[in-house]
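Remarks on the structure that follows.
None of these values were measured; they are calculated from a predicted model. The first residue in the sequence is number 1, and the count goes up from there.
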Amino acid sequence: QVQLVESGGGLVQPGGSLRLSCAASGFTLDYYTIGWFRRAPGKEREGVSCINSSSGSINYVDSVKGRFTISRDNAKNTVYLQMSSLKPEDTAVYYCARTVVPCRPSSSIWPHNYAYWGQGTQVTVSS
């Protein structure tokens with residue numbers, strides 16, 4: 001059974017950091033692109049970052065460039081999203097998902113390309 005489970009969310013003050021984890025089971029992570037998405041209250045789901053199976057290609061939405069870092073540990077079947085310099089506008093439920101579509105720099109990260117989503121983890125940035 002394919003499963004993706006996000007963890008690491010929480011409440012953090014502006015300027016703080018969090019590391020999200022996306023643990024995969026039921027399949028081998030090595031062969032898939034993994035994406036991170038978020039949905040803020042009242043807004044559409046937004047692609048935040050993606051990473052290719054070999055970590056050779058990574059992409060970020062402009063609003064998080066320089067603040068977020070995506071990485072993967074295929075041996076642990078886990079993908080991470082290190083979030084720093086967090087802002088209130090980063091508040092959202094964060095999801096990870098997998099796809100066979102390659103992650104390409106400077107290309108939009110489209111949710112409709114992704115199947116098998118996790119349940120999400122809440123990130124709240126507030127003082």
| Going through the distances and angles, do S49 and Y60 end up as a side chain to side chain contact (heavy atoms under 4.5 Å, CB included)? | CA-CA 4 Å; S49 182; Y60 301 96; 3.3 Å; yes
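- Taking the six-membered ring for Trp, F68 and W36 have ring centres at least 6.0 Å apart.
- Cluster membership for V64 and Y80, using ILVMFWY side-chain heavy atoms within less than 4.5 angstrom, is not shared.
- Among residues two or more places apart in sequence or in another chain, the side-chain contact (heavy atoms from CB on, under 4.5 Å) test is passed with S17 by Q82, S84.
- Residues Y114 and I34 fall into different hydrophobic clusters, defined by Ile, Leu, Val, Met, Phe, Trp and Tyr side chains chained together at heavy-atom separations under 4.5 Å.
- Note: S25 OG to Q3 CD = 4.5 Å, rounded to the nearest 0.5 Å.
- At a threshold of 4.5 Å between side-chain heavy atoms, the hydrophobic network of Ile, Leu, Val, Met, Phe, Trp and Tyr places L86 and I70 in one connected group.
- Side chain of N77 to main chain of F27: a donor-acceptor pair is present (N/O by atom type, distance under 3.5 Å, no hydrogens or angles).
- E89 and T91 share no side-chain donor-acceptor pair at under 3.5 Å.
- Under a hydrophobic clustering in which Ile, Leu, Val, Met, Phe, Trp and Tyr are joined whenever their side-chain heavy atoms come within less than 4.5 Å, directly or via other members, V48 and I109 fall into different clusters.
- Cluster annotation: V5 and V123 are assigned to distinct hydrophobic clusters (Ile/Leu/Val/Met/Phe/Trp/Tyr, side-chain heavy-atom contacts under 4.5 Å, transitive).
- Side-chain atoms of E6 come within 3.5 Å of backbone N or O of Q119 as a donor-acceptor pair.
- Nearest heavy-atom pair across Q122 and A92 is NE2-O, 3.5 Å.
- Looking at every heavy atom in both residues, T78 comes nearest to K76 through OG1-O, 2.8 Å.
- The distance from the CD atom of E46 to the OG atom of S63 is 5.0 Å, given to the nearest 0.5 Å.
- Side-chain contact between P105 and S57 is present, with at least one heavy-atom pair separated by less than 4.5 Å.
- Counting heavy atoms from C-beta on, the side chains of T121 and S7 never come closer than 4.5 Å.
- The shortest side-chain heavy-atom distance between N59 and R104 does not fall under the 4.5 Å cut-off.
- One finds the SG atom of C22 at 10.0 Å from the CG atom of L81 (value rounded to the nearest 0.5 Å).
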Show me, pair by pair, the donor-acceptor contacts under 3.5 angstrom made by side chains of residues 93-103, not counting sequence neighbours?
unit_1	atom_1	unit_2	atom_2	d
Y94	OH	R38	NH1	2.9
Y94	OH	D90	O	2.6
T99	OG1	V101	N	3.0
T99	OG1	N113	O	2.7

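- Between T33 and the options V79, I51, N52, a side chain to side chain contact (heavy atoms under 4.5 Å, CB included) holds for only N52.
- A distance of 6.0 Å or more separates the ring centres of Y32 and Y116.
- With rounding to the nearest 0.5 angstrom, the CD1 atom of I58 is 8.0 Å from the OG atom of S71.
- The aromatic rings of W117 and F37 lie tilted to each other, with the angle between the two planes from 30° to 60°.
- Residues passing the side-chain contact (heavy atoms from CB on, under 4.5 Å) test with K43, sequence neighbours excluded: A40.
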